[in-house]
Engineer: 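A single structure is presented below for examination.
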Amino acid sequence: MNYWLMKSEPDAFSITDLKSRPKRSEHWDGVRNYQARNFMRAMKKGDLAFFYHSSCETPGVYGIIEVARAAYPDHTAWDPENRHYDPKSTPERPLWFMVDVRFKRELEKPVTLTAIKMQSSLKQMRLVQRGSRLSVMPVTAKEWNTILKLAEEKFP
DNA sequence: GCCAACGTTGGC
DNA sequence: GCCAACGTTGGC
């Protein structure tokens, strides 16, 4: 089992949005970065991921989601009306992929980016590496546990 | 809104 | 293959 972190702008799609979906699941479309795509293709059903809210007032980890379906072609790339349309991708030769994710739980207390940066044992986290902008990235088991522990602490 | 950092594009 | 120009991400 592997751990991941997936970013989304909560104005567009938040953990609460996912929670309120009919089956509490949704496809994670729109990834148009090769490295992020490759990470998604490495995901296995049952893997867990942090749901990270980006480009918002308080960026951070807000919840936990599960990979419900392994990577398959992202059909939004074929739709000229879609914001993430990419004519290089076709049904015959899909270039972009997505996974399905399912809501697991919200963190009672989100682990903010600030808190992550303050934690010296998380210095190596990809999320806080200089210039790291990937929307999908792996998380080590140690990092995963550290963040979960931070979420349970009463005071930051 | 600003800007650093990075990825992509396209001319040569 | 090089690299300048441009676009995007995302924190602040």
Side-chain angles (χ1 to χ4, degrees), chain A residues 2-21 26-43 47-67 71-101 103-140 142-144 146-151 153 155-156:
Chain A
N2 289 305
Y3 297 111
W4 308 92
L5 181 146
M6 303 174 85
K7 293 180 187 174
S8 178
E9 300 186 11
D11 287 347
F13 185 63
S14 70
I15 184 79
T16 316
D17 293 331
L18 178 61
K19 188 183 183 179
S20 58
R21 285 292 191 270
E26 189 56 274
H27 48 259
W28 198 276
D29 61 75
V31 172
R32 298 291 181 270
N33 170 283
Y34 289 102
Q35 225 181 326
R37 178 202 68 179
N38 294 343
F39 283 138
M40 276 207 304
R41 290 208 284 199
M43 288 180 180
D47 282 359
L48 296 176
F50 286 135
F51 196 123
Y52 180 91
H53 286 181
S54 66
S55 295
C56 56
E57 197 177 338
T58 311
V61 174
Y62 281 74
I64 294 171
I65 57 182
E66 177 185 8
V67 176
Y72 60 104
D74 181 345
H75 56 76
T76 67
W78 309 329
D79 175 10
E81 303 297 310
N82 193 281
R83 177 169 168 252
H84 300 291
Y85 173 60
D86 184 356
K88 293 195 298 298
S89 182
T90 65
E92 296 74 29
R93 249 174 196 271
L95 182 61
W96 302 114
F97 292 79
M98 59 190 180
V99 296
D100 287 354
V101 297
F103 176 87
K104 290 283 279 187
R105 65 184 178 95
E106 272 176 295
L107 298 185
E108 281 179 46
K109 191 191 73 167
V111 180
T112 65
L113 179 59
T114 310
I116 291 172
K117 283 178 171 171
M118 280 169 56
Q119 189 70 28
S120 58
S121 58
L122 292 175
K123 282 270 179 342
Q124 297 303 311
M125 239 193 123
R126 215 171 177 120
L127 179 73
V128 293
Q129 295 300 303
R130 196 179 66 114
S132 170
R133 297 172 316 170
L134 282 178
S135 62
V136 176
M137 65 183 80
V139 171
T140 68
K142 192 180 273 184
E143 291 161 354
W144 181 271
T146 304
I147 288 184
L148 283 188
K149 203 165 283 179
L150 286 175
E153 281 176 9
F155 301 100

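Proteins get letters first, then strands, A, B, ... in listed order; numbering begins at 1 in each.
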Engineer: To the nearest Å, give me how far apart OH (Tyr34(A)) and P (dG7(B)) are.
Structural biologist: 13 Å
Engineer: Is the shortest side-chain heavy-atom distance between Thr16(A) and Glu106(A) below 4.5 Å?
Structural biologist: yes
Engineer: Between Lys7(A) and dG11(C), is there a side-chain N or O to OP1/OP2 distance below 4.0 Å?
Structural biologist: no
Engineer: Using the side chain to side chain contact (heavy atoms under 4.5 Å, CB included) criterion, which residues pair with His27(A)? Sequence neighbours excluded.
Structural biologist: Asp29(A), Tyr72(A), His75(A), Met98(A), Asp100(A)
Engineer: Measure from the side-chain N and O atoms of Ser132(A) to the backbone N and O of Val128(A), and report whether any donor-acceptor pair falls under 3.5 Å.
Structural biologist: no
Engineer: His84(A) NE2 to dT8(B) P: how many Å, rounded?
Structural biologist: 15 Å
Engineer: Got a second to check how far Met125(A)'s CE is from Lys142(A)'s NZ, nearest 0.5 Å?
Structural biologist: 14.0 Å
Engineer: Just N and O in the side chain of Lys117(A): are any of them under 4.0 Å from OP1 or OP2 of dC12(C)?
Structural biologist: yes
Engineer: Stepwise, does the ring pair (Phe, Tyr, Trp, His ring centres under 6.0 Å) test hold for Trp4(A) with Phe51(A)?
Structural biologist: CA-CA 9 Å; Trp4(A) 308 92; Phe51(A) 196 123; over 10 Å; no
Engineer: If you check every side-chain atom of Ser135(A), which of dG10(C), dG7(B), dC12(C) has the closest atom?
Structural biologist: dG10(C)
Engineer: Take the protein atom CG of Asp86(A) and the nucleotide atom P of dT9(B), then report the distance between them rounded to whole Å.
Structural biologist: 8 Å
Engineer: For residues Tyr62(A) and Ser14(A), determine if any side-chain heavy atom of one lies less than 4.5 Å from a side-chain heavy atom of the other.
Structural biologist: no
Engineer: Give the intermediate values and the outcome of side chain to side chain donor-acceptor pair (under 3.5 Å) for residues Arg32(A) and Thr76(A).
Structural biologist: CA-CA 11 Å; Arg32(A) 298 291 181 270; Thr76(A) 67; 3.0 Å; yes
Engineer: How many whole angstroms separate atom NZ of Lys88(A) from atom P of dT8(B)?
Structural biologist: 9 Å
Engineer: Going by number, which of residues 48-64 of chain A have a non-hydrogen atom under 4.0 Å from DNA chain C?
Structural biologist: Tyr52(A), Ser54(A), Ser55(A), Pro59(A)
Engineer: Output the rounded distance in Å from CZ (Arg133(A)) to C1' (dC12(C)).
Structural biologist: 16 Å
Engineer: Taking CZ from Arg130(A) and P from dG7(B), how many angstroms apart are they, rounded to a whole number?
Structural biologist: 11 Å
Engineer: Starting at atom CG of Asn33(A), determine the distance to atom C1' of dA5(B), rounded to an integer number of angstrom.
Structural biologist: 13 Å
Engineer: Report the distance from atom CZ of Arg32(A) to atom P of dT9(B), rounded to the nearest whole Å.
Structural biologist: 13 Å
